[in-house]
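Contents: one structure, followed by commentary.
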Amino acid sequence: MSNIINTSPYWSDFVQQLQPYVPGEQPKVADLIKLNTNENPYPPSPRVLEVFSRDLLDQLRLYPDPNSTSLKQALAQHSGLEQDNVFVGNGSDEVLALAFMTFFKQSQPLLFADISYSFYPVYCNLFAIEHVKIPLREDFSLAVADYQRPNGGIIITNPNAPTGIGLALDEIESLLAANSNSVVIVDEAYIDFGDDCTSAIGLIERYPNLLVVQTLSKSRSLAGLRVGFAYGSKELIAGLDRVKNSFNSYPIDRIAEAAAVASIEDSDYFEQCCERTIATRAWTCEQLRGLGFEVLPSQANFIMAKPSVVPAAQLFETLREHKILVRYFNKPRIDQYLRISIGSDSEMQALVAVLKQIHGNNER
Ligand SMILES: *Cc1c(COP(=O)(O)O)cnc(C)c1O
């Protein structure tokens, strides 16, 4: 979009200097293979459809439950925690924004990895939170020891985005133990796709400084519904509630709450979809490695891959011409990589076929 307005005398000085997050494209073009925003290729649980009734529609004249009790109940049951350990919001992006406001405005800086979810620096900018980026190792793994320094909070993404690399639970535990005076957020947007990377939820009982953030957007195929949530000690959740109730009393609408509950209750379907994505990921990694790509080990529903024959930026454009959309980040350290979401088997087969064709053309 070239006609974006970048300045106006009506805006405050503060707003003039904001640098908003740029989400992956949601193109209106038909028959595009969309592998750029880590959406799930499978539809949501069929039980979600069943909640749409005349009755639900009639109830839309009423405000929803400001506490989203039925959703918290479902999440509490799913996680084995209590309702007071659960917070919900309009997508995990909103949950994260509220958490940054609640916990990270401190005299010491917030710490996060140099390569991580690019919304974090945007929130820091918006809420005037000082932060320090801690470089990942050369192989993009996270060294917990590097976070041993004065801080006003830590946020890590596990598995990390956009690398897909997972951090072991004992490493997270040592981070929590060494930083008992700071809130540590573990953003687990992709945890359900991990095969040797486990959720930190089990550590909440012992670490009151831990907040685990998850979402229905990726593993539950509900990116369009906008429901995210957090688990933590009662004191952390109560802090989030204070800020939420100073901002928007009703972040979860009636439709979203009913649909989210239906999805969470359908564990079988959810597990099947995750297993399919994990299997497709393994197949795709193998194929890409066979084509000479360097593929980072992924625990998520996407892979970071470095092409050998054509530079990443150029391959991004060529794939686009073939109606395949992936994500390219023109940023230090990762500008030689493409991030490719794991779609259905047939979508990934189409990708591999096009890559073989491009390789053939470049070798001739
Ligand atoms: C996708 C994503 C989110 C946001 O998810 P929503 O619930 O759709 O807002 C948060 N964190 C990371 C790392 C993500 O990739």
Side-chain angles (χ1 to χ4, degrees), residues 20-26 34-41 44 68 71 75 86-101 104 110 112-124 126 133 136 140 142 154-167 172 184-194 197 199-200 211-231 240 244 248 251-253 256-257 259-260 263-264 270 274 277 281 296 298-304 326-327 329 331 334 337 339-343:
Y21 177 75
V22 184
E25 232 183 307
Q26 295 292 346
K34 192 170 177 305
L35 306 175
N36 69 329
T37 50
N38 302 341
E39 287 137 330
N40 202 306
S68 308
L71 177 54
L75 289 166
V86 185
F87 182 79
V88 296
N90 186 242
S92 62
D93 284 342
E94 184 185 80
V95 174
L96 288 167
L98 293 168
F100 272 60
M101 268 193 263
F104 292 156
L110 170 68
F112 51 84
D114 62 337
I115 297 162
S116 190
Y117 188 34
S118 41
F119 227 131
Y120 304 154
V122 174
Y123 293 139
C124 287
L126 179 62
K133 289 185 181 173
L136 296 175
F140 299 110
L142 188 146
I154 295 173
I155 181 162
I156 60 170
T157 317
N158 192 38
N160 198 11
T163 64
I165 294 174
L167 187 64
I172 292 177
V184 176
I185 297 184
V186 184
D187 180 349
E188 296 188 339
Y190 302 100
I191 195 74
D192 300 320
F193 302 107
C197 156
S199 171
L211 190 78
V212 175
V213 177
Q214 296 187 352
T215 175
L216 299 186
S217 294
K218 305 338 192 305
S219 57
R220 298 267 179 179
S221 308
L222 286 169
L225 194 68
R226 310 307 304 130
V227 175
F229 42 96
Y231 300 111
L240 285 167
K244 172 250 175 189
N248 178 5
I252 308 287
D253 64 72
E257 183 166 13
S263 168
I264 291 155
F270 160 69
C274 290
T277 294
R281 177 180 72 205
L296 302 184
S298 172
Q299 298 286 310
N301 69 336
F302 58 83
I303 49 176
M304 257 321 240
V326 299
R327 192 89 188 257
F329 298 94
K331 288 185 180 173
I334 53 170
Y337 289 80
R339 193 196 67 189
I340 305 169
S341 306
I342 302 300

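Just so you know, ligand 1 is whichever comes first in the structure, and atom 1 is the first atom listed for that ligand. Note that this is a predicted model, so its numbers are computed, not measured.
Salt bridge annotation for Glu39-Lys218: absent, with no cationic side-chain nitrogen under 4.0 angstrom from a carboxylate oxygen.
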Is there a side chain to side chain contact (heavy atoms under 4.5 Å, CB included) between Asn90 and Val227 once you walk through the steps?
CA-CA 5 Å; Asn90 186 242; Val227 175; over 6 Å; no
Given the rule in the ring pair (Phe, Tyr, Trp, His ring centres under 6.0 Å) test, do Tyr123 and Tyr117 qualify, once you have shown the distances and angles that lead to the verdict?
CA-CA 11 Å; Tyr123 293 139; Tyr117 188 34; 7.8 Å; no
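Counting only N and O atoms by type, the side chains of Asn38 and Tyr190 include a donor and acceptor under 3.5 Å apart. Under the 3.5 Å distance criterion, with hydrogens and angles disregarded, a donor-acceptor pair is assigned to the side chains of Thr157 and Tyr120.
Ser341 places a side-chain N or O within donor-acceptor distance of the main-chain N or O of Leu35, the cut-off being under 3.5 Å.
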Quick check on ligand 1: any N or O pairs to the protein under 3.5 Å? One line per pair.
residue: ligand 1; atom: 5 (O); partner: Ser92; partner atom: OG; Å: 3.0
residue: ligand 1; atom: 7 (O); partner: Ser92; partner atom: N; Å: 2.6
residue: ligand 1; atom: 7 (O); partner: Ser92; partner atom: OG; Å: 2.9
residue: ligand 1; atom: 7 (O); partner: Thr215; partner atom: OG1; Å: 2.6
residue: ligand 1; atom: 7 (O); partner: Ser217; partner atom: OG; Å: 3.3
residue: ligand 1; atom: 8 (O); partner: Ser217; partner atom: OG; Å: 2.6
residue: ligand 1; atom: 8 (O); partner: Arg226; partner atom: NH1; Å: 2.8
residue: ligand 1; atom: 8 (O); partner: Arg226; partner atom: NH2; Å: 3.3
residue: ligand 1; atom: 9 (O); partner: Ser92; partner atom: N; Å: 3.2
residue: ligand 1; atom: 9 (O); partner: Asp93; partner atom: N; Å: 3.0
residue: ligand 1; atom: 9 (O); partner: Asp93; partner atom: OD2; Å: 3.3
residue: ligand 1; atom: 9 (O); partner: Arg226; partner atom: NH2; Å: 2.7
residue: ligand 1; atom: 11 (N); partner: Asp187; partner atom: OD1; Å: 3.4
residue: ligand 1; atom: 11 (N); partner: Asp187; partner atom: OD2; Å: 2.8
residue: ligand 1; atom: 15 (O); partner: Tyr190; partner atom: OH; Å: 2.5
residue: ligand 1; atom: 15 (O); partner: Lys218; partner atom: NZ; Å: 3.2

